[in-house]
Amino acid sequence: MPRFHRIAFVASPTRESREAAAALMRRYDHVTPEDADVVVALGGDGVMLQVLHRMMDSGKPIYGMNRGTVGFLMNDFREEGLIERLEQAQRSVIHPLSMVAIDTEGRRHTARAINEVYMLRQTHQTAKLRILVDGKVRLPELIADGVLAATPAGSTAYNLSVGGPILPLNAHLLALTPISAFRPRRWHGALLPHHAQIRIEVIEPEHRPVSAVADHTEFRRVCSVDTSLDRTTELVLLHDPGHGLDERILREQFG
């Protein structure tokens, strides 16, 4: 008996993705994502993140097929043999970051991030940030464009672009990476245990406004952000044998 006999297809709005979804739906029986055993996402990494967020609390595995530009999280696209590929696929389990942001009006905002939580200056002025880990001040003042916390799965995204380390998928770590740091010049970030509670406070939030972003969700003029790994939520990605997320992250480190 196949594990996955109810398949849902979700495509990005590009022509290539919509045409690919239409071809697969003509070939395979399909249901809505809410009724599916597995969701097949068609597009690039952007649509994969959107589907993961949409299905965040469902526990349903997501199998991506690349019809986009980057496709780091995706498998190669082929119409034939989809059922067999799903049955043989390797599972990767990742956990999101939870974020609680307080803005300058005292309002509380919550969001979750699969890749990263970051804070970024809103004006020409650099941000001034205070960093606490598990309630202890570790950096009294960071003057920079911002700072980000990345999961292992997200370490090859924005984190890598700003010079952060690539983390193996099974590493019990979070990357804390500055964005264009001005002071202290020699601080290039930190590797934190996965259970760390990170708090970032904005110094002079009224004069140096800062936004907080969890993947695609942004809150502006924040004065503090608390973030930590949500280990109660499991997201399951499926990849073809030999092309799992851990293997892709390893390959990325060798160019």
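When reading the values below, keep in mind they use all heavy atoms of this one structure, side chains included, and skip hydrogens, waters and symmetry mates. Remember, it's a predicted structure, so these values are computed and weren't measured experimentally.
The distance from atom CG of Asp230 to atom OG of Ser98, rounded to the nearest 0.5 Å, is 5.5 Å. Atom CG of Leu97 and atom CG of Leu229 lie 5.5 Å apart (nearest 0.5 Å). To the nearest 0.5 Å, atoms CG (Leu235) and NE2 (His53) are separated by 8.5 Å. Here OG1 of Thr151 is found 13.0 Å from NE2 of His194. Values are rounded to the nearest 0.5 Å. Between the CD1 atom in Ile131 and the CD atom in Glu201 there is a gap of 10.5 Å [rounded to 0.5 Å]. Note: Glu80 CD to Leu82 CG = 10.0 Å, rounded to the nearest 0.5 Å.
Looking at His239, its side chain does come within 3.5 Å of a backbone N or O of Leu73 through a donor-acceptor pair. Although no hydrogens or angles enter the test, the distance criterion places a donor-acceptor pair under 3.5 Å between the side chain of Asn75 and the main chain of Gly64. Although no hydrogens or angles enter the test, the distance criterion places a donor-acceptor pair under 3.5 Å between the side chain of Arg221 and the main chain of Glu206. Using a distance-only test at 3.5 Å, with no hydrogens or angles considered, a donor-acceptor pair links the side chain of Arg6 to the main chain of Asp35. Although no hydrogens or angles enter the test, the distance criterion places a donor-acceptor pair under 3.5 Å between the side chain of Asp215 and the main chain of Asn115. A donor-acceptor pair is defined here as one N or O able to donate and one able to accept, closer than 3.5 Å; no such pair exists between the side chain of Ser228 and the backbone of Ala196. In this structure, the side chain of Arg199 does not engage the main chain of Asp134 through any donor-acceptor pair within 3.5 Å. The backbone N or O of Phe72 lies less than 3.5 Å from a partner atom in the side chain of Asp45, making a donor-acceptor pair. Remark: side-chain polar atoms of Lys60 are paired, donor with acceptor, to backbone N or O of Pro33 under 3.5 angstrom. Between the side chain of Arg18 and the backbone N or O of Ala21 there is no donor-acceptor pair closer than 3.5 Å.
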Evaluation steps, side chain to side chain contact (heavy atoms under 4.5 Å, CB included), between Leu129 and Val202:
CA-CA 5 Å; Leu129 307 170; Val202 181; 4.0 Å; yes
Residues Met74, Met48; criterion side chain to side chain contact (heavy atoms under 4.5 Å, CB included); working and verdict:
CA-CA 8 Å; Met74 315 299 273; Met48 173 62 89; 3.7 Å; yes
List the steps, then state whether salt bridge (Lys or Arg N to Asp or Glu O under 4.0 Å) holds for Arg27 with Glu79.
CA-CA 8 Å; Arg27 190 163 187 156; Glu79 286 186 34; 3.7 Å; yes
Step by step, would you call Val222 with Ile102 a side chain to side chain contact (heavy atoms under 4.5 Å, CB included)?
CA-CA 6 Å; Val222 301; Ile102 306 297; over 6 Å; no
Residues Arg208, Gln122; criterion side chain to side chain contact (heavy atoms under 4.5 Å, CB included); working and verdict
CA-CA 8 Å; Arg208 296 173 181 266; Gln122 292 181 211; over 6 Å; no
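When side chains are defined from C-beta on, Asp103 does not count as touching Arg220, because their heavy atoms never get closer than 4.5 Å. At a threshold of 4.5 Å between non-hydrogen side-chain atoms, the residues Val100 and Val225 do not count as touching. Ile203 has its side chain within reach of Glu141: a pair of non-hydrogen atoms, C-beta onward, lies under 4.5 Å apart. Side chains of His95 and Glu234 form a contact here, defined as non-hydrogen atoms less than 4.5 Å apart.
Under the 4.5 Å side-chain heavy-atom criterion for ILVMFWY residues, a single connected hydrophobic cluster contains both Leu52 and Val10. Both Tyr28 and Leu86 are members of a single hydrophobic cluster when ILVMFWY side chains are connected at heavy-atom separations under 4.5 Å. Under the 4.5 Å side-chain heavy-atom criterion for Ile, Leu, Val, Met, Phe, Trp and Tyr, Ile94 and Val51 are members of the same hydrophobic cluster. Leu139 and Val117 end up in the same hydrophobic cluster when Ile, Leu, Val, Met, Phe, Trp and Tyr side chains are linked at under 4.5 Å. Residues Ile200 and Val133 share a single hydrophobic cluster, defined by chaining ILVMFWY side chains whose heavy atoms lie under 4.5 Å apart.
Under 4.0 Å is where a charged nitrogen must lie from a carboxylate oxygen, and between Glu204 and Lys128 at least one such pair does. Of the charged side-chain nitrogens involved, none lies within less than 4.0 Å of a carboxylate oxygen, so that Arg85 and Glu87 do not count as a salt-bridged pair.
Looking only at atom types and distance, the side chain of Tyr63 has a donor-acceptor partner in the side chain of Asp240 under 3.5 Å away. Looking only at atom types and distance, the side chain of Arg112 has a donor-acceptor partner in the side chain of Thr233 under 3.5 Å away.
In terms of heavy atoms, Pro165 sits closest to Thr177 at CD-OG1, 4.0 Å. Heavy atoms only, all atoms of each residue included: Leu167 and Ser155 are closest at N-OG, 3.0 Å. In this structure, Ala41 and Val47 approach most closely via the heavy-atom pair CB-CG1, 4.5 Å.
Screening Leu192, Leu191, Asn159, Leu148 against Leu176 for a side chain to side chain contact (heavy atoms under 4.5 Å, CB included) leaves a single residue, Leu192. Looking at Met99, Arg107, Met119, Arg108 one by one, the single match for side chain to side chain contact (heavy atoms under 4.5 Å, CB included) with Phe219 turns out to be Met99.
Counting heavy atoms of neighbouring residues, nucleotides and ligands inside a 6.0 Å radius, atom NE2 of His216 exceeds 12 of them.
Ring orientation note: the planes of Tyr158 and Tyr118 are nearly perpendicular, at an angle over 60° on the 30°/60° scale.
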